Visitor: 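First the structure, then my questions, so here it is.
Since this is a predicted model, take the numbers as computed values, not measurements. Start at 1 and go down the list; that is how both ligands and their atoms are numbered. Below, each value reflects all heavy atoms present in this structure, side chains not excepted, and no hydrogens, waters or symmetry copies.
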Amino acid sequence: MSLGIYIQVPFCQTKCTYCNFHTGVVSRDRYQPYGEALCREILESVAPLAQVVDTVYFGGGTPSLLDPASLLQILDSMRRVYAMDSVEATLEADPETITPEKASAWLAAGFNRLSLGAQSFSDLELRSAGRMHRSADIDRAVQFARAAGFRNISMDLIAGLPHQTRETWDASLDGLLRIRPEHVSIYMLEIDEVSRLGREALARGSRYGAREIPDDDAIAEFYERACVRLDAHGYEHYEISNWALPGRRSRHNLKYWRREPYIGVGAGAHSFDGNTRWANVHDPARYVALIEQDASTREQIEAVSPSQALEEEFFLGLRQLEGIDLARIERDYGAELPQQVEALSGRIAGLHSQGLVEREGTRLRLAPTRLSVSSEVFVELLG
Ligand code: SF4
């Protein structure tokens, strides 16, 4: 089976208030050594040369902060180690980091897909969230990318940013639909202890605009509005948070939801070979030091038990709107885990009677009208 490669670049220009990723703001001097460490990790990986790679995804963080020459070197390292075939090569980029020269250099390096963190077309929301770009930067970034030759652009929006109203949300959807990117991701704001905004919301503070966060019902309504409007404009809703024009689904991200193998390179990057999951150390400085010492960067190595694999089939597979094939699940896990499969069947029946999931033949899927409460479905299903 072909492999996906994920490259983690954990650096950003500023820290967005809602960010709950392991990323940080560091001196630019650290970009180059980090890029070199990524190359070494790739070149020294024990990948069989015959292994075919068909997706590459540079995420973060803000990988577009790395020098284009450094990005090219990383891609070239992959080309030396893997057989690269019809690769979908994605670069995440923040709108304000794009220039015509950079966009051309990225395309020449081999990237053919850009993922733009637009997040909102409201300058008030962007400013409040600590984003560096403004609405006009998004339009400019797309112009540069299109002029350079990018024909596959993905764009993210966040439902639930402080100050967001139905009007500003509609305006953000208008802005996005005017651009008509090939792919769209819409995330609902997560409130947790990890982000500054999340901590503030839990503590009922006000510095980062936590009191201006729309309530859960409003956020669910924003998501539903996006579903309706994107559908009306020809986008296929194929995963809870993702839409695509025909033929433009993210081939890389599909690997995650289908439990296909991928290798993560860089600080904190996760990998899965079909049986085992592992992660690299999170701290970028430690990661670089370990690479320089020829020491292993891996930690949290965990063999996936059949019982965990079964749970993953549900919580990853059901994220896709086409759902999962229960007959295959029964075939793959029924003999080894009869009690677990039977318990799941009972819970599925309960969710079905509440209208939260749908059955069609042997396929099980989340009810399309209840996607905004999918996390509750997963909790009920997997306990
Ligand atoms: S750009 Fe992304 S990774 Fe960086 S701080 Fe903002 S949300 Fe976090």
Side-chain angles (χ1 to χ4, degrees), residues 6-28 30-31 34-35 38 57-66 71 90-99 102 106 113-135 137-138 140-142 145 153-164 172 176 181 183-201 207-210 213 219 241-242 250 252-253 256 264-270 279-280 282-285 287:
Y6 176 82
I7 303 288
Q8 168 69 353
V9 180
F11 308 131
C12 292
Q13 299 188 92
T14 55
K15 190 81 177 167
C16 306
T17 62
Y18 58 82
C19 180
N20 54 9
F21 297 127
H22 285 279
T23 58
V25 180
V26 301
S27 154
R28 286 183 171 267
R30 287 181 51 191
Y31 296 172
Y34 185 81
L38 292 174
Y57 193 104
F58 283 56
T62 310
S64 56
L65 289 177
L66 294 192
L71 295 170
T90 305
L91 178 70
E92 279 185 359
D94 280 351
E96 78 283 2
T97 61
I98 302 183
T99 62
K102 275 189 175 179
W106 295 336
R113 187 170 182 271
L114 276 190
S115 176
L116 284 183
Q119 319 307 2
S120 167
F121 282 76
S122 153
D123 286 351
L124 172 62
E125 291 166 25
L126 290 168
R127 194 166 44 243
S128 164
R131 300 290 309 194
M132 295 282 283
H133 71 275
R134 297 294 174 259
S135 172
D137 295 317
I138 304 171
R140 204 168 21 242
V142 173
I153 294 178
S154 180
M155 199 169 270
D156 297 3
L157 291 182
I158 299 177
L161 288 175
H163 305 286
Q164 202 165 62
S172 285
L176 180 137
H183 187 275
V184 176
S185 300
I186 293 189
Y187 300 106
M188 291 196 263
L189 184 75
E190 287 177 19
I191 299 293
D192 57 31
E193 287 284 349
V194 187
S195 72
R196 286 179 292 164
L197 182 62
R199 278 195 299 277
E200 179 175 280
R207 182 167 170 206
Y208 301 115
I213 295 174
I219 296 175
S241 308
N242 289 283
S250 164
H252 184 82
N253 286 344
Y256 300 145
V265 179
H270 289 248
N280 277 345
H282 265 118
D283 179 47
Y287 165 80

Visitor: Any atoms of ligand 1 less than 4.0 Å from a non-hydrogen atom of Gly61? List them with their elements.
Guide: 3 (S)
Visitor: Can you list the atoms of ligand 1 that are under 4.0 Å from a heavy atom of Cys12?
Guide: 1 (S), 3 (S), 4 (Fe), 5 (S)
Visitor: Nearest to atom 2 (Fe) of ligand 1 by heavy atom, His22, Gln13, Arg131, Gln119: which?
Guide: Arg131
Visitor: Give the atom numbers and elements of ligand 1 that come within less than 4.0 Å of a heavy atom of Tyr18.
Guide: 7 (S)
Visitor: Can you tell if the side chain of Met155 reaches within under 4.5 Å of the side chain of Val142, non-hydrogen atoms only?
Guide: yes
Visitor: Quick one, Arg127 and Arg134 - any side-chain contact, counting heavy atoms below 4.5 Å?
Guide: yes
Visitor: Any N/O/S atom, backbone or side chain, of Cys16 lying under 2.8 Å from atom 8 (Fe) of ligand 1?
Guide: no
Visitor: Need the ligand 1 atom indices (1-based, order shown) with element for anything under 4.0 Å from a heavy-atom of Cys19.
Guide: 3 (S), 5 (S), 7 (S), 8 (Fe)
Visitor: Give a yes or no on whether the ring-centroid distance for Tyr18 and Tyr208 is below 6.0 angstrom.
Guide: no
Visitor: Assess whether atom NE2 of His163 is packed by more than 12 heavy atoms of other residues, nucleotides or ligands within 6.0 Å.
Guide: yes
Visitor: Would a 4.5 Å heavy-atom cut-off, applied to side chains only, mark His183 and Arg113 as touching?
Guide: yes
Visitor: Please work out whether any backbone atom (N, CA, C, O) or any side-chain heavy atom from C-beta onward of Thr14 is under 4.0 Å from ligand 1, and answer side chain, backbone, both or neither.
Guide: backbone
Visitor: Between Leu197 and Pro162, is any pair of side-chain heavy atoms under 4.5 Å apart?
Guide: yes
Visitor: Considering only heavy atoms of Asp94, which atoms of ligand 1 have at least one such atom less than 4.0 Å away?
Guide: 1 (S)
Visitor: As an exercise, identify every atom of ligand 1 less than 4.0 angstrom from a heavy atom of Thr23.
Guide: 3 (S), 8 (Fe)
Visitor: Looking only at side-chain N and O atoms, does Gln13 offer a donor or acceptor that is under 3.5 Å from a partner on Asp94?
Guide: no
